[in-house]
Trainee: 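Shown below is the structure under consideration.
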Amino acid sequence: MQLPNSFKSFAQNKASQRIAEVATAPCVFYPYQDSPFSYIMAAIKAGVRYESQEDWGASHFLEHILMRSTEKYATLYELSRHVEGIGGQTSAYSTRDLTAYWVKVPTGCEELGFDLLSQILFKPTLKQEFIDLERSIIVHERQRELVNYGRYTANALESLLLEPNPMSRHPVGTDESLARMTPDYLRAFLKKHYHAGNIVVVGAGQPDPSFAGKVEAFLKEAPPGETSKPANFMVESQYPDGSVIIKRSPHKEQVFISMGWRFPVLTDLDLLTWRVINTLLGAGYTSLLNWELREKHSFTYVCNTAMNVYDGMGVFKLHMAMHDRDLPQALGIVTRIIADLASNKIDRKAFDEAVVRHAAGLVTRWQNPLEAVPLVAHLLSRDGRLFDLAGYLSDLEKVKMDRAAELVSRWLAPQDRLVFVCTGSDKVDNMFAQTYRID
C-alpha cells in the first residue's frame, strides 16, 4: 500500500532532534518553523504501573496537588495567571504508566516555561490545607466518571482486560488510599519518583540553539535517582475470559456496552497492523462498524473502537450505546464483521483505505505541536526511543490484510471477549449465556 507522497514529504521535513549535550536525562527538540509558541513537556515514570500496593493512587494525587502551591507561587491561580497572562498555558495529566506536565509559552519565553516546570516538579509546598481540598476534588472527579456511563464502562473494561497486571488498578485509588495522602507521605513519594533518572524532556517550536542549555539548567534542580521499576505483584483476576459483567444504572432501556479482547504485541509491524485494524473497524464514518451500526441501521449514535498497549499487552475495545431492543441485532453485526475480517473476507480496498486514514490521522496530529509533543514524550519515556514519523509511515506501507486476518482470527474470538454493561434494562441478562452482577 503506497501512502500519499505529501505525507512522506511532510515526514521527511519534520525530523525530531535528540539534544545530545543533555546527558542527565533523555531530551528531544522538535522544530516548528515560524511557530508563535514554544511547547515544553516533562514526562515522569509515575503511575499505577510503578506503584506498590501501599502507594496506590499516589501518582494521580500528586499530579493534582503539585500545581496547587509552590515556593514562588502561593496558589494555583497565581501560577496559572503568571503564564496565562502572557498568552501561555500550563497543565498536567496522568496515565497508567506516565505523568506529564506541560507548558506553552510565547516564543522567546522558554526560560519562564522551564521555571514554572521546575517550581511544580521540584519545589511544591504540599500544604495540608491544599491536600484536603484536592482530596475532595478527586472524589468529585470519581463521582463524575461514575455517572458518565459510556466513559465508566470503557475504563472498567480496560481494567479488567489488564488483570492481573498492577496497571489494571484504577489510577485514582480507593478511599483508603486517598486518606493516606499527607504532606510527609507525598514528599516521600515525590522523592522516590520525581528525579533526573525518571524524567524525559520534549520541546517544540522555532529552532532554538540554546534549548539544550535551558534543559540542563532545569535538570540541575532535579535530585538524582534511579529509574523506577514496575510494581512486582499480581492483582487478582475477578472474571475469566468470556465473562459478561452488568452494573445497574438508572437508564431502564438504554444500554452502555463495552467489549474487548487482550492480545500480545510481539513486533512493531504487528503493532501497526493492530492500529490499522482499529481504524478499519471503528474510526471515522467509513469504518465498518459505523457504517453498519449507525448509518445503515441507526442503532447507535456512539460506536467507536480503541486500542492501547502496555508492556507488550494489547487491549482492543469496542464501545456502543443503544436501546435494549437493538442490542441483539447489534451484537450479531459486530460478531459477523469481526468474523469476516478474521476470514479475510473484507474488501481489500477498504483495508487499504484504513491504512491511509490511520496515516492521515497521525500526520494531522503531527502538524500540531501540542499533540506531537506527547507522542514523542510517551515513546521516549516508555521505550527509550525517538519517534520517527518518516520511518513509521514507511513501515505502515508494509501492513498487510492477510496478517490482520491472522491476528483477528487468533485473538478476537467471541469466546475470549470480556463484556461490561451499564443498564437498567432487565432484558439484557437474557441476551448472554452467563452474567455477573455488580453494585
Side-chain angles (χ1 to χ4, degrees), residues 43-66 92-100 135 138-139 141-142 145-146 151-182 185-186 188-195 197-200 225-241 243 245 258 260-266 271 306-317 377-384 411 416 418 420 436 438:
I44 314 291
K45 286 183 180 290
V48 287
R49 180 189 185 195
Y50 302 101
E51 292 173 357
S52 67
Q53 291 166 307
E54 295 75 23
D55 286 340
W56 186 9
S59 298
H60 176 263
F61 196 95
L62 207 57
E63 176 241 310
H64 273 245
I65 198 65
L66 289 187
Y93 63 90
S94 53
T95 69
R96 294 179 187 270
D97 60 351
L98 177 144
T99 309
R135 188 182 290 112
I138 290 175
V139 170
E141 178 185 8
R142 189 166 56 187
E145 180 183 310
L146 289 173
R151 181 177 177 183
Y152 174 77
T153 58
N155 290 341
L157 178 75
E158 179 163 285
S159 289
L160 292 172
L161 289 169
L162 288 171
E163 290 177 349
N165 193 301
M167 279 191 293
S168 64
R169 296 171 295 170
H170 195 296
V172 171
T174 63
D175 290 339
E176 180 182 0
S177 61
L178 285 176
R180 286 200 295 268
M181 305 302 163
T182 64
Y185 175 89
L186 290 172
F189 189 85
L190 189 75
K191 182 178 180 181
K192 184 177 180 181
H193 294 280
Y194 281 61
H195 52 69
N198 254 6
I199 298 176
V200 303
E226 297 294 325
T227 301
S228 295
K229 300 292 190 296
N232 186 23
F233 64 93
M234 305 287 274
V235 174
E236 182 180 357
S237 294
Q238 301 179 59
Y239 308 100
D241 287 351
S243 296
I245 303 98
S258 292
W261 296 259
R262 49 188 153 220
F263 51 87
V265 178
L266 303 179
L271 173 60
M307 193 206 77
N308 290 319
V309 178
Y310 305 96
D311 282 347
M313 174 60 69
V315 293
F316 180 81
K317 304 173 292 178
H378 288 201
L379 187 64
L380 192 60
S381 176
R382 289 166 174 161
D383 300 329
W411 297 108
D416 293 331
L418 282 171
F420 195 96
Y436 298 87
I438 63 173

Trainee: Which value, rounded to the nearest 0.5 Å, describes the distance between L98 atom CG and K45 atom NZ?
Mentor: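 One finds 8.5 Å between CG of L98 and NZ of K45.
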Trainee: Would you say the side chains of H193 and S228 form a donor-acceptor pair under 3.5 Å?
Mentor: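 Per modelled atom types, H193 and S228 side chains form a pair under 3.5 Å.
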Trainee: Which heavy atom of T153 sits nearest to which heavy atom of S258, and what is that distance?
Mentor: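 That closest heavy-atom pairing would be OG1-OG, 3.2 Å.
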Trainee: Excluding sequence neighbours, so at least two apart, what forms side-chain hydrogen bond (donor to acceptor under 3.5 Å, both in side chains) with Y310?
Mentor: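 Partners of Y310 by the side-chain hydrogen bond (donor to acceptor under 3.5 Å, both in side chains) criterion, ordered by chain and then number, come out as E158.
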Trainee: Does L66 reach the side chain of L190, with side-chain heavy atoms less than 4.5 Å apart?
Mentor: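 In short, these two side chains touch, coming nearer than 4.5 Å.
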Trainee: Nearest 0.5 angstrom please: Y194 OH to L62 CG, how far?
Mentor: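 It comes to 4.5 Å.
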Trainee: Do V309 and R382 have side chains that get closer than 4.5 Å, going by heavy atoms?
Mentor: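 With C-beta onward as the side chain, the pair stays apart.
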Trainee: For S94 and E63, work out which heavy atoms get closest and say how close.
Mentor: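 Reported closest heavy-atom pair: OG-OE1, 2.8 Å.
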Trainee: Write down the atom of L161, the atom of F316, and the distance for their closest heavy-atom approach.
Mentor: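 Minimum heavy-atom separation between L161 and F316: CD1-O, 4.3 Å.
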Trainee: Counting only heavy atoms not in D383, do more than 12 sit closer than 6.0 Å to its CG atom?
Mentor: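 Count over threshold, so yes.
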Trainee: Side chains of Y185 and D55: do they bring a donor and an acceptor to under 3.5 Å?
Mentor: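 Side chains of Y185 and D55: pair found under 3.5 Å.
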Trainee: If you round to the nearest 0.5 Å, how far is OG of S52 from NZ of K192?
Mentor: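 Taking NZ in K192 and OG in S52, the distance rounds to 5.0 Å.
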Trainee: Y436: what forms a ring pair (Phe, Tyr, Trp, His ring centres under 6.0 Å) with it, not counting sequence neighbours?
Mentor: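 Expected list: Y239.
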Trainee: Which pair of heavy atoms, one from A43 and one from A377, lies closest together, and at what distance?
Mentor: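 Answer, listing the atom of A43 first, then A377: CB-CB, 4.2 Å.
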Trainee: Can you see which heavy atom on E163 is nearest to which on R262, and at what distance?
Mentor: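 Taking E163 first and R262 second, the nearest heavy atoms are O-NH1, 3.5 Å.
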Trainee: Testing the basics here: between G47 and S59, what is the closest heavy-atom pair and its distance to 0.1 Å?
Mentor: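 Nearest pair, atom of G47 first, then S59: N-OG, 3.0 Å.
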Trainee: Below 4.5 Å, heavy atoms only, C-beta onward: do L178 and I138 meet side chain to side chain?
Mentor: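 A side-chain contact exists here, since the closest heavy-atom pair is under 4.5 Å.
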Trainee: Could you check whether any side-chain heavy atom of R180 comes within less than 4.5 Å of a side-chain heavy atom of F61, counting everything from C-beta outward?
Mentor: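 Of all side-chain heavy-atom pairs linking F61 with R180, none is under 4.5 Å.
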Trainee: Using side-chain contact (heavy atoms from CB on, under 4.5 Å), reason through E51 and R169 one step at a time and then give a plain yes or no.
Mentor: CA-CA 10 Å; E51 292 173 357; R169 296 171 295 170; 3.8 Å; yes
Trainee: To the nearest 0.5 Å, tell me how far M307 CE sits from L271 CG.
Mentor: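 The distance works out to 5.0 Å.
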Trainee: Could you tell me whether the side chain of E141 reaches within less than 4.5 Å of the side chain of H60, counting heavy atoms only?
Mentor: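 Side chain of H60 against side chain of E141, heavy atoms only: contact under 4.5 Å found.
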Trainee: Once rounded to the nearest 0.5 Å, what's the spacing between atom NZ of K317 and atom CG of L418?
Mentor: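 These two atoms lie 12.5 Å from each other.
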Trainee: Between atom OG1 of T227 and atom CG of N198, what is the distance when rounded to the nearest 0.5 Å?
Mentor: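 Reported to 0.5 Å precision, the distance equals 5.5 Å.
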Trainee: Indicate yes or no: at least one non-hydrogen side-chain atom of V172 is less than 4.5 angstrom from one of E145.
Mentor: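 Counting from C-beta outward, V172 and E145 never come under 4.5 Å.
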Trainee: So, do Y50 and T99 sit near enough that their side-chain heavy atoms are less than 4.5 Å apart?
Mentor: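 No, every pair of side-chain atoms sits at 4.5 Å or beyond.
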Trainee: Less than 4.5 Å apart, any side-chain heavy atom of R96 and any of N165?
Mentor: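 No. Closest side-chain heavy atoms not under 4.5 Å.
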